Amino acid sequence: MPERLRKLVYLSHATIEDDVHTLTPTIEEILATSRRNNARAEITGALMFNHGYFAQVLEGTQRALEATFERIQMDERHNRVAILAYDEVSHRVFESWSMGWVGDVETESANAFATLSEKADQQTREIAGERIYALLHRRLREGGM
Ligand SMILES: Cc1cc2nc3c(=O)[nH]c(=O)nc-3n(C[C@H](O)[C@H](O)[C@H](O)COP(=O)(O)O)c2cc1C
C-alpha cells in the first residue's frame, strides 16, 4: 500500500528586509532550493509572500514532509512559524508545482491572514489554513509559476 499523503499549511514572519533589492534575490533563492529538493522528495506545494509574512502549503508523505519542514522551521529568513493545518488528504492539488510561487494576494485576504494572531484558537487557525490552501491553489490555476 502506498504511503498516505498529507498536507501542511503554515504562516510565518519574514525576517528579511522588505525592499525589492533584498526580497527578490532571497525569494528566488528559496524557490530554487525548494524546487530542487522538493522534486527529489516528491513534495509539491505553493509559497506566498505578502506584507512581511510567508504562507506555504506542502504536500507529500509524512516522512518527506517532516524532514523538509524541520529544515524550513530552522531557517533564519523567517520566524514565528505557526502551523495552521496538518492533515491527511486523498490526493494532491498542487501536483503540477514542486513549489508554485504566488506573489501578492488581494489586500482583503492578506489582511485577514496578517491579523491572525499567534493566540488564535484552533478553529480560527483551521479556517485560515483552509482559506490559504484554497487561495494559493486558485491563484496558481489562474496563472502562477
Ligand atoms: C519560507 C521558506 C520556505 C521554504 N520552503 C522550502 C521547501 O519547500 N523545500 C525545501 O527544501 N526548502 C525550503 N526552504 C529552504 C529551507 O529552509 C533550507 O534552506 C533548505 O531546504 C536547505 O536545502 P539545501 O541543504 O539543499 O541547501 C524554505 C525556506 C523558507 C524561508
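In listed order, ligands and their atoms are each counted from 1. Being a predicted model, the structure only gives us computed values, none of them experimental.
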Distance filter under 4.0 Å to [X] heavy atoms, resulting ligand 1 atoms:
X     : value
Arg36 : 26 (O)
Met99 : 8 (O)
Phe54 : 1 (C)
Arg77 : 15 (C), 19 (O)

Shortest protein heavy-atom distance from [atom], along with the residue and atom involved:
atom                    : answer
atom 13 (C) of ligand 1 : Ser34 OG, 3.4 Å
atom 28 (C) of ligand 1 : Ile30 CG2, 3.7 Å
atom 27 (O) of ligand 1 : Thr33 CG2, 4.0 Å
atom 5 (N) of ligand 1  : Gln56 NE2, 3.0 Å

Worksheet item: Of the backbone atoms (N, CA, C, O) and the side-chain heavy atoms from C-beta on, which set of Met74 has a member under 4.0 Å from an atom of ligand 1: side chain, backbone, both, or neither?
Response: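 No part of Met74 comes within reach of ligand 1.
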Using atom types as modelled and distance alone, determine if a side-chain donor or acceptor of [X] lies under 3.5 Å from a backbone N or O of [Y].
X      : Y     : result
Glu59  : Phe94 : yes
His137 : Val93 : yes
Arg35  : Met99 : yes

Item to complete: Would you indicate which of Leu58, Ile72, Asn38 comes nearest to atom 9 (N) of ligand 1 when only heavy atoms are counted?
Response: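 Looking at heavy atoms only, Asn38 sits closest to atom 9 (N) of ligand 1.
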Decide, yes or no, whether a salt bridge links [X] with [Y] under the criterion of side-chain N to carboxylate O below 4.0 Å.
X      : Y      : answer
Glu88  : Arg4   : yes
Glu29  : Arg77  : yes
Asp87  : Lys7   : yes
Glu130 : Arg125 : no

Below 3.5 Å, N or O to N or O, backbone or side chain included: is there any such pair between [X] and ligand 1?
X     : value
Asn37 : yes
Tyr10 : no
Arg71 : yes
Asp75 : yes

Discussion item. Return the CG to OG1 distance between Asn38 and Thr44, rounded to the nearest 0.5 Å.
Written reply: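 It is 8.0 Å, given to the nearest 0.5 Å.
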Worksheet item: How are the rings of Phe54 and His78 set to each other: parallel, tilted or perpendicular (split at 30° and 60°)?
Response: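 Because their plane-to-plane angle is over 60°, the rings of Phe54 and His78 count as perpendicular.
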Worksheet item: Looking at Tyr86 versus Tyr10, is the centre-to-centre ring distance below 6.0 Å?
Response: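 No, too far apart.
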Worksheet item: Are any non-hydrogen protein atoms located under 4.0 Å from atom 25 (O) of ligand 1?
Response: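 Given the 4.0 Å limit, the answer for atom 25 (O) of ligand 1 is no, no protein heavy atom qualifies.
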